[in-house]
Amino acid sequence: MTNPTRTGTGRDHARRRSFTGRRLPREGLPAVSVRLRRVICGVAIVAAAVTTLLAATLSAPASAAPVTALLDPAAVKALIDGRAALGLPAEVADYGVDEQSGRLVVELTGSRTPAVDALLSGVDPNVLDVRTDAPAPRHHAAAVKGGDTIISGSRRCTLGFAATARGRTWLLTAGHCTRGSGTWSVETAGDVLTPIGSQARTASAGTDVGVVPVTGSGVQVRGLVGSVAVRGSTPAAVGSPVCLYGSTSGRVCGTVTGLDRTVNFEGTIQYGMTATSICSAEGDSGGPYITSSGQAQGIHSGGGTGRGCTSYLTPIGPALSAFGLRLLTS
């Protein structure tokens, strides 16, 4: 049987031992103590473990809960704020730290959902106080619509339709209301007056239409007349049903009785008006006429009495064209 071959001759191998008989280090390599080798080995093991843990953390999904649940309420609040910036579940009404209990109170408008669970993932349940059936928060801006009462000083008229132009919203009403007026306000629930805007504009003589720019920060304008959504402005033919929404008369309905009428309002001549069989009253000026299908017809100017009722409106087409506006629809 052949013995394994060593690298180098026997004589070279013999030279590896000193006169004391101890093995000497190989040429070109520094001597390393056993203790140092153990330290190096330990560092390598720790580094490998850290690398593995870091790789697992980076590869984990973003929604995964951390290994250690958060216990500090302030830290939890900061965590939820960060997540909320990316999207807050619709069920969440509000959340915050209760100073007395030291827990994070989360108010929900309904029951707890998977989206809420994801928002609160990784948080120790003992630091949470999740409550359900809270009222949904709402901004308290005044929502104005056609038919609402608008007031400027001693003048009371009716808001007609909303329109837009050049990035601004305008409210149509009667021209004899806006002429020489100041700041306009809308009357909301509880007879509260919310400022709409000032510097109203009035159309030229012969067209009884005015507009008020919406500049009030607490005003939210909707494309509605009463509860009817404004869908367009297709003119109604003679004999068609139509309704007026006035701040005095409320919702009153009748039919279209005539088109392109020239009307004498106590010496003031108005052209191109539409006549209806609707009864109206003072304060209805500026009110909107609309069909049941949401087609805007025009702006109320006034009415006559005797032999039944007659009311007159400026058609919506000329009313908008007088100011270069576009009707706001829903």
Side-chain angles (χ1 to χ4, degrees), residues 49-146 148 159 162 164 167-169 171 185-197 213-230 328-330:
V50 170
T51 302
T52 303
L53 179 59
L54 179 60
T57 302
L58 293 176
S59 62
S63 60
V67 177
T68 303
L70 290 178
L71 293 170
D72 178 51
V76 172
K77 174 67 163 50
L79 171 69
I80 302 305
D81 283 344
R83 292 176 177 177
L86 301 177
L88 193 62
E91 300 81 8
V92 177
D94 71 65
Y95 61 88
V97 177
D98 187 318
E99 297 298 334
Q100 293 183 341
S101 66
R103 303 172 73 188
L104 183 77
V105 177
V106 182
E107 297 276 3
L108 305 178
T109 58
S111 58
R112 186 163 175 165
T113 63
V116 175
D117 290 337
L119 179 72
L120 303 177
S121 64
V123 179
D124 191 295
N126 294 320
V127 82
L128 289 175
D129 182 4
V130 181
R131 305 172 184 176
T132 58
D133 299 321
R138 293 284 186 272
H139 288 298
H140 285 172
V144 300
K145 59 188 182 303
D148 285 347
L159 189 155
T164 59
R168 172 172 284 186
T169 301
L171 302 178
S185 298
V186 62
E187 188 176 86
T188 56
D191 296 332
V192 176
L193 293 179
T194 301
I196 297 173
V214 178
T215 57
S217 59
V219 177
Q220 182 182 59
V221 180
R222 297 179 179 178
L224 295 173
V225 170
S227 59
V228 180
V230 180
L328 178 65
T329 58
S330 295

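Along the sequence shown, the residues carry numbers beginning at 1.
Considering all non-hydrogen atoms of both residues, V127 and P73 come closest at CG2-CG, 3.6 Å. In plain terms, the two heavy atoms of A229 and S330 that are nearest each other are CB-CB, 3.8 Å. The minimum heavy-atom distance linking L224 with G226 is given by the pair CB-O, 3.9 Å. Contact detail for S185 and P195: the closest heavy-atom pair is OG-CA, 3.5 Å.
For the pair L128/L120, a side-chain contact is recorded, criterion being any heavy-atom separation below 4.5 Å from C-beta on. Using a 4.5 Å cut-off on side-chain heavy atoms (C-beta onward), V214 and L171 make contact. Between Y95 and L119, the closest side-chain pair of non-hydrogen atoms is not below 4.5 Å.
Note that CZ of R103 and CG of N126 are 7.5 Å apart. Values are rounded to the nearest 0.5 Å. Considering CG of D81 and CG of L88, their distance stands at 9.5 Å, rounded to 0.5 Å.
With V144 as the partner, the side chain to side chain contact (heavy atoms under 4.5 Å, CB included) test is satisfied by one option alone out of V221, T169, T194: V221.
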Just list the side-chain donor-acceptor pairs under 3.5 Å for residues 105-114, sequence neighbours left out, or say none.
| residue | atom | partner | partner atom | Å |
| --- | --- | --- | --- | --- |
| T109 | OG1 | E91 | O | 3.4 |
| R112 | NE | D117 | OD1 | 2.5 |
| R112 | NH2 | D117 | OD1 | 3.3 |
| T113 | OG1 | V116 | N | 3.4 |

